[in-house]
Amino acid sequence: MRVGVEVGGTFTDLVAVEDGHIVLTKVPSTPHSPDIGVMNAIDHASVNLSKVEDLVHGSTVATNALLERKGARVAFITTKGFRDILHLQRHDRLNIYDLRYQRPVPVVERRDCFEVSERVDGHGTIIEALNTQAEVDRLVPALQAGAYEAIGICLLSSYVNPDHERAIQSALEAHLPGVFITCSSDVSREFREFERASTTTLAAYVQPVIDAYLNRLEKKLGKLGFKDRFSVMQSNGGRLPVGGMRRNAISALFSGPAAGVVGATRQAMRSEVGNIITFDMGGTSTDVCLVTDGRPSLSPDTILDGLPVRTPVLDIATIGAGGGSLIWIDDGGMLRVGPRSSGAMPGPACYGRGGTLPTITDAHVICGTIRPEAFLGGTMAILPERSVEAFEPLAKKLGMTVAQAANASLRLAAANIVRAIQLVSTEKGHDPRDYSLVPFGGAGPLMAVEIADDLGLAQVLVPPNAGVLSAYGLIASDFAKIYTMTRRTAVDDAAPDVVRDTFVAMVAEAEADFESYELDGDLSYTFGADMRFVGQAFEISVDIQAGALKTLSRKDLIDGFIAAHHRVYMHGASAAQAIEIVGFRLEATRKIDSLPLLKERALTDRPAHQKSVMQGSDGPYDVDVLTASSLEIGSEIAGPALIEGYSTSTFVPAGWFAVRQENDNLILRKKA
Amino acid sequence: MALNPTDYAVISQALVAAAREMGEKLIRSAFSTILREARDGSAALLDRDGNTIAQAELIPMQLGTIGSVFQSCAAAYDLDELTEDDFFIINDPYSGGQHLQDIFFFNPIFHNGLRVGFAASVAHHLDIGGGNPGLSPNARDVHSEGIILPPTKFSYSRDWNGGILEKFLRANVRAPLQTMGDCDAQIAANRVGTRRVGELCDKYGSALVMEVMTEFQNYAERRFRAGIAAAPDGVYRGEDFIDDDGIGTEPVRVRSKVTIRGDQIEVDYEGTDPQVRTLLNAPLAATMSATLSCVKSVLTSPDIPFNAGVSRSVDVKVPKGSILNPNYPAPVRARMNICYRAFNATMKALSQAVPEEVIACGFDTTTSGCLSWLGDTGYSVYLEIYGGGYGASVSANGCDAIDMPMANCANTPVEAIDQDYSFFRVEEYALVPEAYGHGTHRGGAGFVKAFRILKDDAQVALYSDHFRFPPQPLFGGTPGTTGACEIHRGGEVIQLGSKDIRELKKGDLVVFKLGGGAGYGPPDKRDVDEIRLDVANGMLSEATASSVYPQYAAADVD
C-alpha cells in the first residue's frame, strides 16, 4: 500500500492506494503539533502501517516555523567587515511611499552575528588566509555562551571557493557537539552575498525543527509497525528520503504547494496532456504554476516572509484570492477582491459564524455555483440569506442587483488569477494558449472555465477528487534533487568542453548523494545553463537536452540563448555580443517504479441528475446538476451544468461541454 | 456609455500589471550595475496624449514627472504623424528632463492604426560623457555634465541598430557596453508595454481601454483629494537647507509654504535661495517630483496609483532663477539633495497640520560615490548611490541604512563588485552604532562602506550633503548624525568635501560614512525593552543608554 499524507493549514489529507482501490480521508490539522493530525488521519483511514511500503509526507512545518518565528536559535558567521549583511540587506524598500517602512526581519539578531578574518576574491583566490585555529579558539567561548542550536556560515566568495567555510565548519563541529552547522556552499553556490547568507541562515533556522519533527513522527510510525520507505516532499516538486531531508532542510521551505502541482501533472499526463497550467484555489489564496511537457517550471529563488531563499523551487505564483477572500469597494470607488480574507473565523457570511462581509464563497452561493445542500458532500450548513445580506450594501453602492454584484466579483477574482497566470507564462515568454488549465483545490474547478476563457485556452482538465490532489501528488512524485553552481564561463570554442566536464562532476556528486540515500535504480538528468550577455546581471535558464550534450557546440549554446532572450525581452538579443554562462543546473531524478492510480470517489447519496437554477448577470437560468462519479464515460455533457464530486464541484458554463474520460479526468472544451 | 465597474477594475489592474512587468524587464535585461543592481530606472504607460496612467514603482523621483517630460516631446512634434517605428528620446533638463544621466524613451502604442497610448522608460545611465567619468563635481554648466539630447523623434529602423543615433551615443560615452546595453533594456521595456496594451485592446477593444485609462486617472485624483481633504485647512511653513553650495560655506535654504484648502493643496517655494554655480541646482521637473512625493507619502494611502490624476490637486509654485528652478545653463547633476531639502521643508510644514503622519528628518541625502580608473582596455567606472538612516515617526524607529524616501536604489552586492572591478575591493560594509538621533522612537542608523584601492591613478568623485549640519528632529527628539568621506593613506586621514573629486593611490582606503536619521518625541518616553535590545545588539552603548534615556538607568537599578 502507498500512502500520502499532506498537512495543510486547515485539513490534513490522506490518500491510500492499493491495487486500484483508493481511500481518501480528511481530518482537522493540529497546528501546534502536526504529527498528531498525521496519526489521526492514519487512524481514521484504518491504514495498517505494517503493510505500507511507501509513505510520503508533505507538511508546512518548515514554512510555519519561519512564519511564526519559532525556529532554532541561530548564530551567523561571516567574513570580517561584513557582520551586518543580514541586516543591511539590499538597501532598497519594498513599498516606496511608506514613510514608516521597516525592512523584513532576519532570523538572526545582530548580537548573534560573528566575523572571522579571511578573504577570497571573485576568482576563488585566497587574498587573506584563514587562521582556523586562532579564529575558532576566539569564537568557541561566545558560541558556547550563546547556547545556539544551529550555526550558519556564509563567507564572501565561498560560492567559488568553499575551503574556508568547510575548515571553520569541521573545526567548530569538534567543539560544539549537537549543534547543526550549515555552510552556504552546501545550500546555495551562487553569487550575491545577502541572498546566500539569508538562505543559509534560514536553512540553519528550520533544520533543527524539521529534524525534531521527523524524528518524532518516525518514532510514532515505527511503534505502529511501519518499517518501509518514508520520504518527504520538497519545494522543487520531488521527494527525498527522510534521511536526505534532514541534511537538506532548505528544500522543505515552501514545499506546501508543490505536491498539488505534481499530482495535477501526473494526472494530466494520463490523458497525454503535458502542457498545463495548474490552478489551486483554496480558502485564502490561489497558487498557479506552468508545466511544459510534463515538467513544472522552476524558479531559481523565492521570497518567504520577506526574506530571499536562493534555492530552486517550483515557479509558483501565489495571490490572495481564495474562497474566503473579502470583496470590498475602496475609497476611490473601485471594486476589489482580497487580499484580505475572512480566515477560518469568522469565515464567509454564509457559514453563519458571525461573518458579515461578502466573500468569494458568498458570491458562489448567490450565483448558485455552490449549492447549500451539496457543500462539502452536504456535511456543512450554508445560510444563503446571509450571503445576500452581506452583498446588499456593496450592490447598492455599485448600482447593481445582488446577483450582478456577485457575478462581477467572481469575474474580478478570475481576472486577478489571470494576472497571476500571466506572471508565470507570458512574462516568461510562454503563450498560455498552448496549455490546458488544470484546476483543483476546493474552489478551483468552479472558476476554471471563466479563467480559461479569459486567457484563450481551449481546454480545461479536472482531475478526479480535485480536492485531495495534493495528497495524491505526494505518492506520485519522483525522488529528485537539484544541484546548482556558479561558474562563469565565456561562450567560446572551449565552452562545450567546460559544460561537459562541469556536468560530469555534478553527476558524480548526485550519484554519491543518491547512494547515500540508499536509492538504487537509474537516475535521469536534466541539464541547464544559466546564461546572459556579458555585462547583464540576470540570467536566462537555457535547457540542454541530455542527448545533445555529447555533440554540444558553441553555436548550439549561442542559438539556445538568443532564442530564449528574445522570447522574454523581445529586444536586445544579438549574437554579435559576448555571451557567458554563469551557472549550471542539474536536476537528478530517480523515477518511482510505477504510478498509483487516482479514481473518482463514488457518491451514492444523491440522484445522478437534478435541475437547479443559477443567477447570472442577466437573470436566472436553468442548469443541470450531475454527480461526477455517475457520468457515463465518453458522453458529452453540455453546459450550463454543475458536476458535483466528493471534494469539489466543476462548473460548465453555456457554450462549453464536458466529457468524463476512462481515467476519470473530466475534459472541458468550448463548443465549436 | 457608462463604464462597467468590472471592466474598469479588470482593465485598470491589467494596465498596472503591464507597467510593473515593463519595470521588471528593464532591470533584468540591463547591463550596468547602476540599473541592474541599484535599480535606478522606472517605466510607465501613458494615455494617447501622454498623461501617465500606471507606473512601475521603482524610483519616486523619476515617477512624478514622466508625463510632464513627455509634454516637451509633444510640443516639438505632431503626435498624429507618429508611426510604430518612431520613438522620442530626451534627457535635457532645460526642456523638461531631470538630469542628463536620466534618459527617457517614449514609444507610441498603436492598435489597428489608432494611437492608443505611449510606453515610457527612464534609466540613470552610468556615463553620458561630460568632464569626468560618471560624475563631474566641478561642472559649472550643464554642458560639462554630458551630452544633451533635446526632445527628438527618431526611428528604430533608421537610427538604431547601427543607425545614426546609436553610433553617436556609442561614440560619446565612456562605457558603451553598459550604456548601449541599458538603452536596449529601455527599448525592451517599452516593447513589452506596447505588446501588453495591444493585447488588452485586442480583447476589450481600444475604445474601452482608452476609457479606462481616463477613468483610472480620475480614480487616483478622487483618492488623492480624499487624503488632502482629511487634513486640516490652513497655511503652514517649513524651512531646511543644504550645507553649502560646494564653493562657499553658507547654507543654501529652501522655504516652503503649504496651503491646504479643502481637497486642494498648494506648495509655494517663494523665498528659496537663488540658483548656485555648482551642480546642486534642481530643474523644475525634479522639484515637482519631490513635492508630489512628499504630499503623497504624508497625506495619502501608499496604494494609490501614481498617475496624472494625482497632480491635479497639487499646485506647485517655484520662483524662476531659484535653486529649485534654475536658468540655463546651470549644472544640475546633483539635483537630489536640494530636492530632499524641499521634501524636508514641505514635510516640516505638514508636521504642523498632521503631526502623526510625518516623520522626523532622515539623513535624506543622495550620496553618489564614483570610483573610476583608466585601464588598458578602457574606462572602468563604478557608481553607487548610498542612502542612510530614515527619520523616526510617531509609531516606529526610522529604518536603518536604507535608500532615502525619494530614491530606491539597491546596493551593488560585494560579490558582484568583486566580479566586475579589478582596481578596488570593498573592505567593509557595516551599520554604525549610535549613528542616529534619539527620541521616543530613534532615527534609523547610518552605515559605512570602505573601498581598498588596488591600482595607482584611480579617482574618487562624490556629491553628498549633511557633512556639516545633521538632520533635524521633531517634537523633542535629538538630531540625526552627519556623514563624511575620507581617504586613509598610510597613517593620514584626508577629509573630503561633500562635493569633491580626488586622485587616488594604490593602497588607499576610501571610506564613505553615511549619517543617521533624527528622533521623534522626547527620549524619556522610549520603551525600555527597545533600548535594551539596541544595547544587546551593540547599536547603543551602556553609557549612552544611561545618559540619554533616564528610564533605562532607572530600570537597571530595579
Side-chain angles (χ1 to χ4, degrees), chain A residues 81-85 87-93 95-103 109-111 119 121-122 127 156-157 159 191-196 330-336 398 400 408 411-412 415-416 419 422-423 426-427 488 533-538 565 568-572 577, chain B residues 5-6 8-10 13-14 17 21 25 28-31 36-37 39 57 60 177-178 181 184-185 187-188 191-192 195 219-220 222-223 226 296-298 302 359 387 390 393 395-396 399-403 405 408-411 413-416 418-419 427-431 447 536-539:
Chain A
F82 301 94
R83 173 191 182 186
D84 291 324
I85 299 178
H87 295 88
L88 289 164
Q89 302 182 1
R90 289 301 303 275
H91 187 264
D92 58 345
R93 307 185 304 286
N95 187 337
I96 60 178
Y97 295 112
D98 183 358
L99 293 172
R100 299 171 200 188
Y101 183 77
Q102 303 288 311
R103 62 160 59 89
E109 286 278 2
R110 185 172 192 263
R111 63 176 169 228
R119 186 71 185 265
D121 74 6
I127 303 289
L156 283 184
S157 300
Y159 67 93
F191 86 108
R192 290 194 175 98
E193 63 278 3
F194 164 60
E195 285 79 356
R196 200 170 69 254
D330 71 21
D331 58 1
M334 176 144 60
L335 183 64
R336 310 273 287 260
L398 291 173
M400 291 175 158
R411 216 191 118 200
L412 187 55
N416 291 349
R419 275 197 302 282
Q422 285 165 340
L423 275 180
T426 49
E427 274 204 34
R488 284 178 80 182
F533 286 117
V534 173
Q536 288 182 321
F538 295 94
H565 191 283
V568 178
Y569 296 117
M570 305 175 197
H571 180 80
Q577 275 172 281
Chain B
T6 327
Y8 165 64
V10 169
Q13 293 312 301
E21 184 186 353
K25 296 276 159 91
R28 292 190 76 91
S29 65
F31 282 70
R36 61 176 218 209
E37 304 288 352
R39 303 172 152 254
E57 292 208 345
L177 174 75
Q178 284 80 10
D184 276 331
I187 295 167
R191 289 261 157 100
V192 167
R195 165 87 63 103
Y219 162 82
R222 275 197 304 277
R223 294 192 64 191
K296 177 169 163 63
S297 306
V298 173
I359 57 175
Y390 248 60
S393 67
S395 62
C399 193
D400 295 339
I402 197 158
D403 205 5
N408 194 27
C409 291
N411 56 24
V414 176
E415 289 175 351
D418 269 354
Q419 289 181 11
E427 223 164 73
E428 187 185 14
Y429 179 33
L431 291 167
F447 65 100
N537 277 326
M539 292 302 292

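Throughout, protein chains are lettered first and strands after them, A, B, ... in sequence-line order, and every chain is numbered starting at 1.
Both the backbone and the side chain of B:Tyr429 come within less than 4.5 Å of a heavy atom of chain A. Interface residue A:Arg93: backbone and side-chain heavy atoms are both found under 4.5 Å from chain B. With a 4.5 Å cut-off on non-hydrogen atoms, A:Ile127 touches chain B through its side chain but not through its backbone. Residue contact with chain B, scored on non-hydrogen atoms closer than 4.5 Å, is absent for A:Gln422. Of the two parts of B:Ala401, the backbone and the side chain both hold a non-hydrogen atom closer than 4.5 Å to a non-hydrogen atom of chain A. Only the side chain of A:Asn95 comes within less than 4.5 Å of a heavy atom in chain B; its backbone stays farther off. Heavy atoms of B:Ser29 lying under 4.5 Å from chain A belong to its backbone as well as its side chain.
Between the CD1 atom of B:Ile187 and the OH atom of A:Tyr569 there is a distance of 15.5 Å, given to the nearest 0.5 Å. Interatomic distance, CG of B:Asn537 versus CZ of A:Arg111, reported as 5.5 Å (0.5 Å rounding). A distance of 8.0 Å separates CD of B:Gln13 from CG of A:Leu412, quoted to the nearest 0.5 Å. With values rounded to the nearest 0.5 angstrom, B:Glu428 atom CD is found 11.5 Å from A:Arg83 atom CZ.
Between A:Arg488 and B:Gln419, the side chains place a donor N or O and an acceptor N or O closer than 3.5 Å (distance only, hydrogens not considered).
The closest side-chain heavy-atom distance from A:Arg100 to B:Cys399 is not below 4.5 Å. Here the side chains of B:Leu431 and A:Arg110 are in contact, with some heavy-atom distance below 4.5 Å. Side-chain contact between B:Asp400 and A:Arg103: present, with at least one pair of heavy atoms (C-beta onward) separated by less than 4.5 Å. The shortest side-chain heavy-atom distance between A:Phe194 and B:Glu415 does not fall under the 4.5 Å cut-off. Put simply, the side chain of B:Lys25 does not reach to within 4.5 Å of the side chain of A:Met570, judged on heavy atoms. With a 4.5 Å cut-off on side-chain heavy atoms, B:Val298 and A:Leu99 count as touching.
Side chain of A:Asp92 to backbone of B:Asn408: no donor-acceptor contact under 3.5 angstrom is found. Checked by atom type and distance alone, the side chain of A:Gln536 never pairs as donor or acceptor with a backbone atom of B:Phe31 at under 3.5 Å. Side chain of B:Arg222 to main chain of A:Gly332: a donor-acceptor pair is present (N/O by atom type, distance under 3.5 Å, no hydrogens or angles).
Using cut-offs of 30° and 60° for the angle between ring planes, the B:Phe447 and A:His91 rings count as perpendicular.
At a threshold of 4.0 Å, the pair B:Glu427-A:Arg119 does not count as salt-bridged, since none of the basic side-chain nitrogens sits closer than that to a carboxylate oxygen. The existence of a salt bridge linking A:Arg90 and B:Asp403 is excluded, since no basic side-chain nitrogen approaches an acidic carboxylate oxygen closer than 4.0 Å. Ion pairing between A:Asp330 and B:Arg223 holds under the 4.0 Å rule for side-chain N and carboxylate O.
Taking both residues in full, the closest heavy atoms of B:Pro5 and A:Leu398 are given as CB-CD2, 4.2 Å, listed atom of the first, atom of the second, then distance. Nearest heavy-atom pair, A:Gly81 versus B:Ala430, reported as atom, atom and distance to 0.1 Å: O-CB, 4.4 Å. Closest of all the heavy-atom pairs between B:Tyr219 and A:Gly333 is CE1-N, 4.5 Å.
In terms of heavy-atom pairs under 4.5 Å with chain A, the best-connected choice from B:Val192, B:Asp184, B:Leu177, B:Ile402 is B:Ile402. Most heavy-atom pairs under 4.5 Å with chain A, from the set B:Asp418, B:Val10, B:Ile359, B:Val414: that is B:Val414. Comparing B:Ala17, B:Ala536, B:Gly538 by how many heavy-atom pairs each has under 4.5 Å with chain A, the most go to B:Ala536. With chain B as the partner, the residue from A:Asp98, A:Asp121, A:Leu156 showing the most heavy-atom pairs under 4.5 Å is A:Leu156.
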